[in-house]
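Quick notes on the structure that follows.
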There are 2 protein chains.
Amino acid sequence: MSGYDDSREEGEDREESVETIHRELTAFARRARSTAARMHPELSLVAFTLLAHLADQRGCRATDLAAHYMLDKSTVSRQVAALEKLGFVERRPDPDDQRVQVLHPTPSGYEVLTTAHARRQEVFRRRFADWPQDDLTRFAEYLVRFNEASVAYDASAS
Amino acid sequence: MSGYDDSREEGEDREESVETIHRELTAFARRARSTAARMHPELSLVAFTLLAHLADQRGCRATDLAAHYMLDKSTVSRQVAALEKLGFVERRPDPDDQRVQVLHPTPSGYEVLTTAHARRQEVFRRRFADWPQDDLTRFAEYLVRFNEASVAYDASAS
DNA sequence: CACGTGTGTTGTAATATACAACCATTCGAA
DNA sequence: TTCGAATGGTTGTATATTACAACACACGTG
């Protein structure tokens, strides 16, 4: 690790790292759904994400959800309908615009989020138990940096 | 960054890092499909992953794919059928066991992988252009470590 | 007012997936 | 050696997720 192995080009190291990063991120993405299912069995990953966004934003419109997650409005409509049926979301009229429904998590919806958050923290806490804080901090920082670059790229590509 | 801010518990830093890591990984997973679609428009993420695994393993059985990716054998069967129809996979009999089909990428399948690999390298290369090699190496290492822990956890949980 | 735009729902179709039933082959034990 | 259990794979069926299109209703501006 120290010094420079001149039997390798610098670019080979980069390529190998990039390859590993891609492989591991993809592996994670593949597991995301089943992981999510364990974390909050009552909700699909999408439904959960939408609900979490509502909590994050202190309520928002279906259109906003669709735009933010690049989903069709019909998809959001049905997901929200399901969430409402489960009692996790309520629709409030927008006094300024009768077309709009402002979506909010219900108390029961907040409870689901809180429970999932606790469970997630617990699982991740165990999983990261032997990681020094420095590594955790750096890992988080790398991910943020990577995603910022990706979002910028996605925006320019579409 | 230097020193220790004693207005915060050590655990708060950890929790915040863990939260960030989870959020960013989830954000990545959400984008994975559309990213994959850009990288290899002719194949779904699953189909591509299976094909890549075949190349990785120099051929393997459908059952191995199912086990490795936690998919039902019927799902794999149909995905493989689609890949075969596209001419990216061929089935070879196993001389030792007539039940088994050993799956291999065809030349055309390898070509798809090579092209996708090149495109991916290019995109990631640009995305990581301003990352020092040290950070790349560490990022890759973190992801590997994280996924190893996750796989171990998944195994123990199921 | 009328028309174009924005918000949301419903009909329809495509796709992905799991589960179950099934067939062919293999393996092991009586 | 023969039969039953296990293994590898396919197909039928059901469900879920998603997008696109058509629609209904509300808003705002000419």
Side-chain angles (χ1 to χ4, degrees), chain A residues 29-38 40-51 53-54 57 59-86 89-104 158, chain B residues 29-38 40-51 53-54 57 59-86 89-104 158:
Chain A
R30 231 176 10 239
R31 275 202 317 278
R33 267 161 212 277
S34 56
T35 304
R38 261 203 308 283
H40 34 79
E42 59 275 42
L43 290 179
S44 75
L45 179 54
V46 172
F48 182 84
T49 304
L50 296 183
L51 182 57
H53 193 81
L54 293 185
Q57 303 288 305
C60 74
R61 301 173 305 163
T63 301
D64 299 333
L65 292 176
H68 194 265
Y69 294 109
M70 295 197 298
L71 294 169
D72 192 79
K73 55 187 182 166
S74 66
T75 301
V76 172
S77 173
R78 286 181 233 263
Q79 291 284 346
V80 168
L83 283 168
E84 189 189 26
K85 197 165 189 177
L86 289 167
V89 160
E90 70 180 4
R91 308 165 190 252
R92 300 185 194 160
D94 181 339
D96 300 344
D97 188 338
Q98 294 303 109
R99 292 171 302 181
V100 172
Q101 304 168 354
V102 184
L103 306 170
H104 291 266
S158 59
Chain B
R30 241 188 346 253
R31 276 201 318 277
R33 266 160 213 279
S34 55
T35 304
R38 260 202 309 282
H40 33 79
E42 59 276 39
L43 290 179
S44 75
L45 178 54
V46 172
F48 182 84
T49 304
L50 297 184
L51 183 58
H53 192 82
L54 293 185
Q57 304 288 305
C60 75
R61 302 172 305 162
T63 300
D64 299 333
L65 292 176
H68 195 267
Y69 295 110
M70 294 196 299
L71 294 169
D72 192 79
K73 55 186 181 165
S74 66
T75 301
V76 172
S77 173
R78 286 181 233 264
Q79 292 283 350
V80 168
L83 283 168
E84 189 189 24
K85 198 163 189 178
L86 289 167
V89 160
E90 69 180 6
R91 309 163 189 254
R92 300 184 195 160
D94 180 338
D96 300 343
D97 188 338
Q98 294 302 111
R99 293 171 302 181
V100 171
Q101 304 169 352
V102 185
L103 307 170
H104 290 267
S158 59

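Computation of the quantities below employed the complete heavy-atom set of this structure, encompassing side-chain atoms and omitting hydrogens, waters and symmetry-equivalent molecules. We name chains A, B, ... by the order of the sequence lines, and we start the count at 1 in each one.
Between A:His68 and A:His53, the ring planes lie tilted relative to each other; the angle falls in the 30° to 60° range.
The CG atom of A:Leu43 sits 14 Å away from the P atom of D:dA16 (whole-angstrom rounding). Summarising the geometry, the separation between CG on A:Asp96 and C1' on C:dG6 is reported as 15 Å, rounded to the nearest angstrom. Atom-to-atom, CG of B:Leu103 to P of D:dG9 comes out at 7 Å; the value is rounded to the nearest Å. Rounded to whole angstrom, the span from the CG atom of B:Leu50 across to the C1' atom of C:dA16 amounts to 12 Å. Rounded to whole Å, the distance from CD on A:Gln98 to P on D:dG28 is 11 Å. Separating the NZ atom of B:Lys85 from the P atom of C:dT15 is a distance of 11 Å, rounded to the nearest angstrom.
Proximity of a side-chain donor or acceptor of B:Thr49 to a complementary backbone N or O of B:Leu45 within less than 3.5 Å is detected.
Taking 4.5 Å as the limit, every side-chain heavy atom of A:Glu84 sits out of range of all side-chain heavy atoms of A:Leu103. In this structure, the side chains of B:Gln79 and B:Val46 come closer than 4.5 Å at one or more pairs of heavy atoms.
Between atom OG of residue B:Ser44 and atom CG of residue B:Leu50 there is a gap of 7.5 Å, rounded to the nearest 0.5 Å. Separation of atoms OG (A:Ser77) and CG (A:Leu71) is listed at 12.0 Å; rounding is to 0.5 Å.
Comparing A:Ser44 and A:Pro95 along DNA chain D, the residue whose closest nucleotide (by nearest heavy atom) sits nearer the 5' end is A:Ser44.
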Output a table of nitrogen or oxygen pairs between the protein and nucleotides 7-10 of chain C separated by less than 3.5 Å.
residue: C:dT7; atom: OP1; partner: A:Arg61; partner atom: NH1; Å: 2.5
residue: C:dG8; atom: OP1; partner: A:Gln101; partner atom: N; Å: 3.2
residue: C:dG8; atom: OP1; partner: A:Gln101; partner atom: O; Å: 3.3
residue: C:dG8; atom: OP2; partner: A:Thr63; partner atom: N; Å: 2.9
residue: C:dG8; atom: OP2; partner: A:Thr63; partner atom: OG1; Å: 2.4
residue: C:dG8; atom: N7; partner: A:Lys73; partner atom: NZ; Å: 3.1
residue: C:dG8; atom: O6; partner: A:Lys73; partner atom: NZ; Å: 2.6
residue: C:dT9; atom: OP1; partner: A:Arg91; partner atom: NH1; Å: 2.5
residue: C:dT9; atom: OP2; partner: A:Ser77; partner atom: OG; Å: 2.5
residue: C:dT9; atom: O5'; partner: A:Ser77; partner atom: OG; Å: 3.4

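Of the side-chain N and O atoms in B:Gln79, none sit less than 4.0 angstrom from OP1 or OP2 of C:dT15.
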